[in-house]
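Working notes for the structure below.
Excluded from the calculations below are hydrogen atoms, water molecules and symmetry mates; all remaining heavy atoms, backbone and side chain alike, are included. Bear in mind that the values here come from a model prediction, so they are computed numbers and not experimental data.
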Amino acid sequence: MEEKLVKKKKRGIIYLSTIPRYMNVTKIREIFSAYGEVGRVYLQLADNEHDDNKNKVKKKKRKMPAKHFTEGWVEFESKKVAKFVAETLNNKQVSTRKKSRFYDVIWNIKYLPRFKWTHLSERLGYERAVHKQRVRTEIAQAKRETNFLSANMDRSKKLKARFEKGESSNFVIPEIKQRETDMEIKKRKNEPQNEDRTEFLKSLFG
């Protein structure tokens, strides 16, 4: 009998597609703990909040604004509890108290079958990597544009100085080739074919 160990309860995860304003991890944990033991909780911070936090200057005696989250995941120690919470609270009011700031807010909850916390970690890691790559690309593009403008300004100053001194310059404005139209492309493709066909016929019957 000792070999038959009690099966470990499978954990369950619910997904919150919207997070009410002024709602944070502490409040989420407090609400859902009433239904069962809550494990990990993750709330996705809004994109503009990331930027605000980077540029935020700490000032004494100033109350910081509440963070805004866009979506969230809540892990329950019991899979059954997670399912029950999703079925019970979905499309229901967050709070039934009229004085509550969440009185007019509706839960949008979905149970995620076969979803593990590692899947969320992988997704978040991928999103962070994509974000970093996008930032690197934008920085590199900005540097190229800055270097290009700087080089053109230096060249313009040198040309202006030579012009004022009466010196000649061998600088030639680069020719910008316009993109061919569809008609021009068809014409260019058809002309050589017609000439080659004529020469070919002459060789046979000439």
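For the side-chain hydrogen bond (donor to acceptor under 3.5 Å, both in side chains) test, residues two or more places apart in sequence or in another chain that qualify with Ser95 are Ser100. A search for side chain to side chain contact (heavy atoms under 4.5 Å, CB included) contacts involving Lys27 returns Met23, Asn24, Glu30, Ile31, Phe102, not counting sequence neighbours. Residues passing the side-chain hydrogen bond (donor to acceptor under 3.5 Å, both in side chains) test with Arg101, sequence neighbours excluded: none. Residues that satisfy the side chain to side chain contact (heavy atoms under 4.5 Å, CB included) test with Asn108, not counting sequence neighbours, are Ser17, Thr18, Asn90. With sequence neighbours left out, the side chain to side chain contact (heavy atoms under 4.5 Å, CB included) criterion links Glu77 to Arg11, Glu37. Here Val38 pairs with Arg29, Phe32, Ser33, Val41, Val74, Phe76 under the side chain to side chain contact (heavy atoms under 4.5 Å, CB included) rule; sequence neighbours left out. Remark: Tyr15 pairs with Trp73 by the ring pair (Phe, Tyr, Trp, His ring centres under 6.0 Å) rule, at least two apart or across chains.
Minimum heavy-atom separation, Val94 to Pro20: CG2-CG, 4.3 Å. When all heavy atoms of Ala82 and Ile14 are compared, the closest pair comes out as O-CG2, 3.4 Å. Closest of all the heavy-atom pairs between Thr88 and Phe84 is OG1-O, 2.6 Å.
Residues in residues 110-120 take part in no salt bridge (Lys or Arg N to Asp or Glu O under 4.0 Å) pair, two or more places apart or across chains.
Of the possible polar contacts, none joining the Glu75 side chain to the Ile13 backbone as a donor-acceptor pair under 3.5 Å is found.
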Item to check | Derivation of the side chain to side chain contact (heavy atoms under 4.5 Å, CB included) call for Gln93 and Tyr103 | outcome: CA-CA 6 Å; Gln93 285 178 273; Tyr103 178 73; 3.5 Å; yes
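Contact of the Tyr111 side chain with the Val85 side chain is not registered, since no non-hydrogen atoms from C-beta on lie closer than 4.5 Å.
The distance from atom CG of Leu45 to atom CD1 of Ile19, rounded to the nearest 0.5 Å, is 11.5 Å.
When hydrophobic clusters are built by joining Ile, Leu, Val, Met, Phe, Trp and Tyr residues whose side-chain heavy atoms come closer than 4.5 Å, directly or via intermediates, Leu16 is not grouped with Ile106.
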